[in-house]
Amino acid sequence: MLVTTSYKPTEQLLAKSRQIADILGGRWVQRRQFSLSNLRKRYTESEIMLLTEKEMRYYRADDDLPLFFHPSTAAIRIKRLLQGEVDPLVSISGIAEGNSVLDCTAGLASDSIVFSYAVGETGKVTALESEAMLVTLLQEGLCSYESPIPAINEAMRRIEVVHAEHYTYLQGMLDQSVDVVYFDPMFRNPIAESSAISPLREIANGKAIQMATITEAKRVARKKIILKEHKDSDEFTRLGFKSAYRSQTNIAYGVIEL
């Protein structure tokens, strides 16, 4: 992987790009006036992490759309919550101010951001992500992205991102140590994907949730375990989620009450 910057970077951006290269084990290269395509040819590498003054973008291949952090639908959902509307996931999870949530499959953390807003300053959201690339994008994005809505920025800054595989992490937790455990894996039967989700699927952990993981989640959670999946998924039955809440889209939420 190559790690580089936008054209005419500041000294701060150069230093930051070198740091990211070290973290990811990538090769840092100066951008100069090279296009990304020319950098690929020059160094015979397809993957590129590009740092700009505003964001970090990951390009998997020459013709791929970049993957970058954005609060996405979380921004819309929090705006609605601020207006007094109900968010289905917040309602289903039953979380409130001061609660704790463990998001076992963070991805780009859209649901984690909504959870963080809902639990407030006295609550806690821990977002687990097994893929180093996504961890890097998340940590950078959550601390640097600027929304015009202060509540969204505050929610993002409060999230703790942990580079970990969820089963191993759950094994190390105490009994009943978190209110809600949440899973949003890559769907077994993908729905039509947006341009934002397609690049994510290429590098996200696509493994199915195992029963051993749910067993650990039952030990760790105090209130509920939530699974987000395609509305027609067999995963709800396989993993023992007795109740499924369907949205108006193809998304459904399974719940295990504790």
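Worth saying up front: this structure is predicted, and the values here are computed from it rather than measured.
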Tyr145 and His70 aromatic ring geometry - parallel, tilted or perpendicular at 30°/60° bounds: perpendicular
Check: Leu138 and Ile159 side chains under 4.5 Å, non-hydrogen atoms: no
We want to know whether Gln171 and Thr168 form a side-chain donor-acceptor pair, criterion being a heavy-atom distance below 3.5 angstrom. no
Could you check whether any side-chain N or O of Ser72 sits under 3.5 Å from a backbone N or O of Ala74, counting only pairs where one atom can act as donor and the other as acceptor? no
Ignoring hydrogens and geometry, is there a side-chain-to-backbone donor-acceptor pair from Thr136 to Ala132 under 3.5 Å? yes
Is it true that a side-chain atom of Gln210 and a backbone atom of Ala208 form a donor plus acceptor pair closer than 3.5 Å? yes
Glu11, CD: over 12 other non-hydrogen atoms inside 6.0 angstrom: no
Scan side-chain atoms only and decide if Tyr59 and Glu47 contain a donor-acceptor pair under the 3.5 Å cut-off. no
If we only count heavy atoms from C-beta on, is the Val125 to Tyr117 side-chain gap below 4.5 Å? no
For residues Gln30 and Thr4, is any side-chain donor paired with an opposing acceptor at under 3.5 Å? no
Looking only at non-hydrogen atoms, find the nearest pair between Met1 and Met133 and report the distance. CE-CE, 2.7 Å
Would the Tyr182 and Phe115 ring centres measure less than 6.0 Å apart? yes
Does NZ or CZ of Arg31 fall inside the cone over Tyr7's six-membered ring, less than 6.0 Å from its centre and within 45° of the axis? yes
What distance do Asp103 atom CG and Glu160 atom CD have between them, rounded to the nearest 0.5 Å? 12.5 Å
Do Tyr167 and Val161 share a hydrophobic cluster (ILVMFWY, side-chain heavy atoms under 4.5 Å, transitive)? no
Within the supplied structure, the quantity of interest is the number of heavy atoms (other residues, nucleotides, ligands) at a distance under 6.0 Å from Arg238 CZ; does it exceed 12? yes
Test salt bridge (charged side-chain N to carboxylate O under 4.0 Å, His left out) on Glu216 and Lys218 and set out the steps. CA-CA 5 Å; Glu216 286 298 315; Lys218 288 178 180 178; over 6 Å; no
All heavy atoms of Ala75 vs all of Ile152, minimum pair found to be CA-CD1, 3.7 Å
Between Lys16 and Glu140, is a salt bridge (charged side-chain N to carboxylate O under 4.0 Å, His left out) present by the stated rule, with each step listed? CA-CA 11 Å; Lys16 188 174 184 179; Glu140 172 64 21; 2.3 Å; yes
Over all heavy atoms of both residues, which pair between Gly254 and Phe236 is shortest? Give the atoms and the distance, please. N-CE2, 3.2 Å
For a quick check under 3.5 Å, do Thr73 and Ser110 share a side-chain donor-acceptor pair by atom type? yes
Minimum heavy-atom separation for Arg219 to Leu174, with atom names? NH1-C, 3.6 Å
Decide if atom NZ of Lys124 counts as having more than 12 heavy atoms of other residues, nucleotides or ligands within a radius under 6.0 Å. no
Side chains of Thr10 and Glu53: is there a donor and an acceptor less than 3.5 Å apart? yes
Is a donor from one side chain sitting under 3.5 angstrom from an acceptor on the other, for Asp234 and Thr237? no
Measuring from Arg32:CZ to Thr5:OG1, what's the distance to the nearest 0.5 Å? 11.0 Å
I need the Arg158 CZ to Ser112 OG distance, nearest 0.5 Å. 12.5 Å
Can you give me the closest heavy-atom contact between Gly94 and Asn99, atom names plus distance? O-OD1, 4.0 Å
So, for Ile225 and Phe241, which heavy atoms are closest and what is the spacing to 0.1 Å? O-CE2, 3.5 Å
Do the side chains of Asp111 and Arg77 get close enough for a salt bridge, i.e. N-O under 4.0 angstrom? yes
Would you say CD of Glu121 has more than 12 non-hydrogen atoms from neighbouring residues, nucleotides or ligands within 6.0 angstrom? no
Counting only N and O atoms by type, is there a donor-acceptor contact under 3.5 Å from the side chain of Ser116 to the main-chain atoms of Ala155? yes
Would you say His163's side chain and Ser130's backbone share a donor-acceptor pair under 3.5 angstrom? yes
